[in-house]
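Worksheet: one structure, shown below.
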Amino acid sequence: MRLQGKNMIVTGGASGIGLATVRRGLQEGANVVLADMPQSEGAALAKELNGQPGRCLFIQCDVTSSAQVDHMVSETVKQLGSVDVVFNNAGIGGLSPVEDLTDDDYLRIIDINLNGVFRVARASLRQMYQQGSGSLINCASILGTLGQSGTVAYSSAKGGVVNMTRTLAIEAAPRGVRVNSVGPGYIDTPLLKDLPPEMREALVRLHPIGRLGRPEEVANVVVFLGSDEASFVTGAYLLVDGGYAAGKS
Ligand code: NDP
């Protein structure tokens, strides 16, 4: 088992890619903290998944709050003893042309998808530096390096995540900690639930593999990056996109 004996945190763990990663982490032998918003299904899910085979705990954490993020990390250490792998995954979507985007909507996307990643990274790295080991995986997107109409806030945040990852990887390497990002293509999760069918079809055509991705396909890559099999991988931006970006760079 790839994550045997490791303690893992997954933010936004109650849905989509996060939930798939919680399940894979447990299957690979980790104890997993499922962190998500207080009103999420997280507590019930963690109860259901606990013992399959590792421990699964719910810790409520809104990544827009530094206090909640810091508490998530300290509570994990209190309950499990260490923080070995963190999947910095919580995020929201949001489509709007720039001329219609309000300050509130722009700032909310940035606060969750970029500032939230920073808050979780800072709290996790403080703990991992004390341990002298750890692996942090930030969730970016294909829109971390590519543009797309209607995604000015989202793609700005994800571009920030890709480059934040590179800088953190350089800072963390001498401390025994690896930092990477994943760049999913369009993945079939609740984040895409409001897409009209014609837009969904158009998105499918953008992936040479001919379909949207499955959450488990991102989770598999996160588990690899969190494991010792990836011991020489840091600062990477690993696409999990069915070939979406291949013809565009
Ligand atoms: P989901 O909406 O299925 O899951 C996201 C989870 O994050 C939800 O449980 C959500 O809670 C939670 N969340 C939202 N805001 C916060 C917050 N402030 N603090 C803590 N948790 C929060 O989305 P996906 O699984 O699709 O997305 C996961 C990540 O993958 C995101 O970073 C997204 O940008 C990225 N991604 C997704 C792609 C896709 O096509 N699906 C493509 C590329 C990247 P709630 O439901 O209450 O909002």
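Please read all numbers here as calculations on a predicted model, not as lab measurements. In each ligand, atom 1 is the first atom listed, and ligand 1 is the first ligand listed.
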task: Evaluate the 4.0 Å heavy atom contact test for atom 9 (O) of ligand 1: does a protein atom fall under the cut-off?
output: yes

The answer for which part of Asn89 has a heavy atom under 4.0 Å from ligand 1 is both

*Short check: is a protein heavy atom less than 4.0 Å from atom 45 (P) of ligand 1?*
no

*asked:* With a cutoff of 4.0 Å, is Ser40 in contact with ligand 1, counting heavy atoms of the residue only?
replied: no

Salt bridge or not for Arg200 and Asp188, using N-O below 4.0 Å?
-> yes

> In terms of side-chain heavy atoms, does Thr64 have a donor or acceptor partner in Asp62 at a distance below 3.5 Å?
Replying inline: yes

request  = Output yes when the distance from some N or O of ligand 1 to some N or O of Cys139 is under 3.5 Å, and no in every other case.
outcome  = no

A student checking ligand 1 against Asp62 at a 4.0 Å heavy-atom cut-off should list atoms 17 (C), 18 (N), 19 (N)

According to a hydrophobic-cluster definition based on side-chain heavy atoms being under 4.5 Å apart (Ile, Leu, Val, Met, Phe, Trp, Tyr only), do Met37 and Val63 belong together? no

Ligand 1 atoms nearer than 4.0 angstrom to some heavy atom of Tyr186 are 40 (O)

Decide whether Leu125 and Phe87 are clustered together by the hydrophobic rule: side chain heavy atoms of Ile, Leu, Val, Met, Phe, Trp, Tyr closer than 4.5 Å, transitively.
no

Is Gly185 near ligand 1, meaning one of its heavy atoms is under 4.0 Å from it?
yes

For Tyr154, the ligand 1 atoms with a heavy-atom partner under 4.0 Å come out as 33 (C), 34 (O), 35 (C), 36 (N), 43 (C), 44 (C)

Salt bridge (Lys or Arg N to Asp or Glu O under 4.0 Å) assessment of Asp111 paired with Arg119: CA-CA 10 Å; Asp111 202 28; Arg119 292 183 188 98; 2.9 Å; yes

Looking at Pro190, Ala14, Ser15, the heavy atom closest to atom 4 (O) of ligand 1 belongs to Ser15

of all protein heavy atoms, closest to atom 24 (P) of ligand 1 is Thr189 OG1, 3.5 Å

For Ile92, the ligand 1 atoms with a heavy-atom partner under 4.0 Å come out as 14 (C), 15 (N)

Regarding ligand 1, does Gln39 bring an N or O atom to under 3.5 Å of one of the ligand's N or O atoms? no

Counting heavy atoms under 4.0 Å, the part of Val63 that contacts ligand 1 is both

* Please verify whether a non-hydrogen atom of Ala140 lies at under 4.0 Å from ligand 1. => yes

A student checking ligand 1 against Ala90 at a 4.0 Å heavy-atom cut-off should list atoms 7 (O), 20 (C), 21 (N), 22 (C), 32 (O)

Does ligand 1 have an atom that lies less than 4.0 angstrom from a heavy atom of Thr11? no

- Message: Using a plain distance cutoff, I'd like to know if Thr64 has any nitrogen or oxygen under 3.5 Å from a nitrogen or oxygen of ligand 1.
- Response: no

Quick note on ligand 1: atoms under 4.0 Å from a heavy atom of Gly16 include exactly 3 (O), 25 (O)

If we number the atoms of ligand 1 from 1 as shown, the ones under 4.0 Å from a heavy atom of Ile17 are 25 (O), 30 (O), 37 (C)

